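A quick note: this is a predicted structure, and the numbers were derived from the prediction, not measured.
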Amino acid sequence: MSKIALLFAMLFCTPLITACSASEPAPAPQSPLVAQQLLGSPVYIQIFKEERKLELYAKMGNEFRLVNSFSICNFSGGLGPKRREGDFKSPEGFYSVDTRHLKPDSKYYRAINIGFPNDYDKAQGYSGAYLMIHGECKSIGCYAMTNAYMDDIYRYVEAAFAHGQSRVDISIYPFRMTEQNLQRHRSSTYISFWRQLKPGYDYFVKNRQPPMVSVANGQYVMAQPVMNSAQPTQYASTLETNTNPFARSQPLTVVK
């Protein structure tokens with residue numbers, strides 16, 4: 001009788017514990033065959049510092065699917081955005097790169113310049129340059145990968161550009177932006193800034209499309225697509241509709 005009771009306890013209690021302790025697991029990568037077929041498709045990159053993961057996505061149909069998740073070999077400075085040259089921190093925020101940011105002959109094997117400082121960073125007075133995703137597993141402010149991982153990442157980004165993608169978005173987060181993780185870090189001096197990043201993270205989780213992010217009044221603002229079957233996709237501010245989605249947008253949150 002005690003064995004039956006134990007069996008029922010395992011059946012009914014285990015899912016509850018899993019549901020309570022889960023923190024939005026990362027999606028599973030594509031099979032090697034599918035991943036190879038996606039070479040040349042538009043790509044998108046997410047970086048999570050705390051998990052030390054770089055996720056490479058490629059467009060499949062109307063969604064971006066995970067091609068592979070790569071362990072970050074090294075980064076410096078801990079959590080929080082880069083603010084000044086010499087602080088040894090690695091950037092956080094929303095970045096966008098084009099072919100000019102590719103460095104096939106970097107002294108750190110191959111490299112992709114993240115594009116720091118972006119418009120947001122400049123508005124805050126942040127300083128620094130040549131912040132990269134690169135190989136050689138060495139970092140002072142960059143995201144360093146093994147050379148083998150960098151080969152894969154670089155190959156997909158380069159192929160996407162060769163097939164017509166004009167810019168590749170790179171979203172860099174301190175951690176997966178769940179409410180549980182934000183609560184865990186609620187006493188951090190960076191919490192207001194991190195809450196400003198959350199809408200972009202949530203948008204991708206829900207829609208499997210990179211968030212459309214711009215900077216207005218020195219703050220990140222996000223637009224969402226307005227679906228209209230008779231017209232091409234348009235974008236409207238998350239706060240108000242306007243022919244220019246960012247013309248009168250207000251910050252999602254205020255950074256103090």
List the steps and the verdict of side chain to side chain contact (heavy atoms under 4.5 Å, CB included) for Leu54 and Tyr149. CA-CA 10 Å; Leu54 183 151; Tyr149 286 169; over 6 Å; no
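- For Tyr156, there are no side-chain hydrogen bond (donor to acceptor under 3.5 Å, both in side chains) partners two or more places apart in sequence or in a different chain.
- Between Ile191 and His185 the shortest heavy-atom distance is CD1-O, 3.8 Å.
- Asp121 pairs by the side-chain hydrogen bond (donor to acceptor under 3.5 Å, both in side chains) definition with Tyr95, not counting sequence neighbours.
- Within the structure, salt bridge (charged side-chain N to carboxylate O under 4.0 Å, His left out) pairs that include any residue of residues 30-39 do not occur (at least two apart or interchain).
- The list of salt bridge (charged side-chain N to carboxylate O under 4.0 Å, His left out) pairs with a residue in residues 56-72, not counting sequence neighbours, reads Glu63-Arg65.
- Counting heavy atoms from C-beta outward, Tyr220 and Asn118 have side chains that approach closer than 4.5 Å.
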Go through the steps to decide whether Ile112 and Val168 satisfy the test side chain to side chain contact (heavy atoms under 4.5 Å, CB included), and finish with yes or no. CA-CA 11 Å; Ile112 301 170; Val168 171; over 6 Å; no
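- Considering only residues two or more places apart in sequence or on other chains, Lys53 meets the side-chain hydrogen bond (donor to acceptor under 3.5 Å, both in side chains) condition with Ser71.
- Distance alone, capped at 3.5 Å, places no donor-acceptor pair between the Glu51 side chain and the Phe175 backbone.
- Side-chain contact between Gln180 and Gln183 is absent, with no heavy-atom pair separated by less than 4.5 Å.
- Sorted by first and then second residue, the salt bridge (charged side-chain N to carboxylate O under 4.0 Å, His left out) pairs with a member in residues 159-168 read Asp98-Arg167; sequence neighbours excluded.
- Side-chain atoms of Val215 and Lys122, non-hydrogen and from C-beta on, never get closer than 4.5 Å to each other.
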For Ile45 and Val43: C-alpha separation, side-chain torsions, deciding distance, then whether side chain to side chain contact (heavy atoms under 4.5 Å, CB included) applies. CA-CA 7 Å; Ile45 291 173; Val43 296; 5.7 Å; no
Show your reasoning for whether side chain to side chain contact (heavy atoms under 4.5 Å, CB included) applies to Asn113 and Val97. CA-CA 7 Å; Asn113 190 322; Val97 303; 6.0 Å; no
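- In this structure, the side chain of Asn74 does not engage the main chain of Ala144 through any donor-acceptor pair within 3.5 Å.
- When Asp151, Asp105, Asn147 are each tested for a side-chain hydrogen bond (donor to acceptor under 3.5 Å, both in side chains) with Arg110, only one passes: Asp151.
- Checked by atom type and distance alone, the side chain of Gln196 never pairs as donor or acceptor with a backbone atom of Gln219 at under 3.5 Å.
- Lys138 is linked by a side-chain contact (heavy atoms from CB on, under 4.5 Å) to Tyr108, counting only residues two or more places apart in sequence or in another chain.
- Across all non-hydrogen atoms, the minimal contact from Ala123 to Gly218 is CB-CA, 3.6 Å.
- Residues Thr178 and Tyr201 bring no donor and acceptor atom of their side chains to less than 3.5 Å of each other.
- Looking only at distances, a side-chain donor or acceptor of Gln209 sits under 3.5 Å from a matching main-chain atom of Asn62.
- Shortest non-hydrogen contact noted between Pro117 and Gly128 is CD-O, 3.3 Å.
- With sequence neighbours excluded, no residue forms a side-chain hydrogen bond (donor to acceptor under 3.5 Å, both in side chains) with Gln37.
- Screening Tyr57, Tyr173, Phe64 for a ring pair (Phe, Tyr, Trp, His ring centres under 6.0 Å) with Phe204, the sole residue that qualifies is Tyr57.
- Other members of the cluster containing Tyr130 are Met132, with ILVMFWY side chains joined at under 4.5 Å, either directly or via other members.
- For the residue pair Tyr44 and Ser171, the shortest heavy atom distance occurs at OH-OG, 2.7 Å.
- At least one side-chain heavy atom of Phe161 sits less than 4.5 Å from a side-chain heavy atom of Leu102.
- For Asp152, the salt bridge (Lys or Arg N to Asp or Glu O under 4.0 Å) partners at least two apart in sequence or on another chain are Arg155.
- A distance below 6.0 Å separates the ring centres of Tyr120 and Phe193.
- Residues meeting the salt bridge (Lys or Arg N to Asp or Glu O under 4.0 Å) test with Glu50, sequence neighbours left out: Arg184.
- Closest approach of Ile153 and Leu56 over heavy atoms only: CA-CD2, 4.5 Å.
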Name each donor-acceptor pair under 3.5 Å that joins a side chain in residues 85-94 to protein atoms two or more places apart or in another chain, with its distance.
{"from": "Asp87", "atom 1": "OD1", "to": "Lys82", "atom 2": "NZ", "distance (Å)": "2.8"}
{"from": "Asp87", "atom 1": "OD1", "to": "Lys89", "atom 2": "N", "distance (Å)": "3.0"}
{"from": "Asp87", "atom 1": "OD2", "to": "Arg83", "atom 2": "N", "distance (Å)": "3.0"}
{"from": "Asp87", "atom 1": "OD2", "to": "Arg84", "atom 2": "N", "distance (Å)": "3.1"}
{"from": "Lys89", "atom 1": "NZ", "to": "Gly77", "atom 2": "O", "distance (Å)": "2.6"}
{"from": "Lys89", "atom 1": "NZ", "to": "Leu79", "atom 2": "O", "distance (Å)": "2.7"}
{"from": "Ser90", "atom 1": "OG", "to": "Ser76", "atom 2": "O", "distance (Å)": "3.4"}
{"from": "Ser90", "atom 1": "OG", "to": "Gly141", "atom 2": "O", "distance (Å)": "3.4"}
{"from": "Ser90", "atom 1": "OG", "to": "Cys142", "atom 2": "O", "distance (Å)": "3.4"}
{"from": "Glu92", "atom 1": "OE1", "to": "Trp194", "atom 2": "NE1", "distance (Å)": "2.8"}
{"from": "Glu92", "atom 1": "OE2", "to": "Lys49", "atom 2": "NZ", "distance (Å)": "3.0"}
{"from": "Glu92", "atom 1": "OE2", "to": "Gly80", "atom 2": "N", "distance (Å)": "2.6"}

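- For the residue pair Met222 and Pro211, the shortest heavy atom distance occurs at SD-CB, 3.8 Å.
- Contact annotation: the side chain of Phe75 approaches that of Arg52 to within less than 4.5 Å [non-hydrogen atoms, C-beta and beyond].
- The cluster map of Ile, Leu, Val, Met, Phe, Trp and Tyr, joined by side-chain heavy atoms under 4.5 Å apart, puts Ile72 and Ile140 in different clusters.
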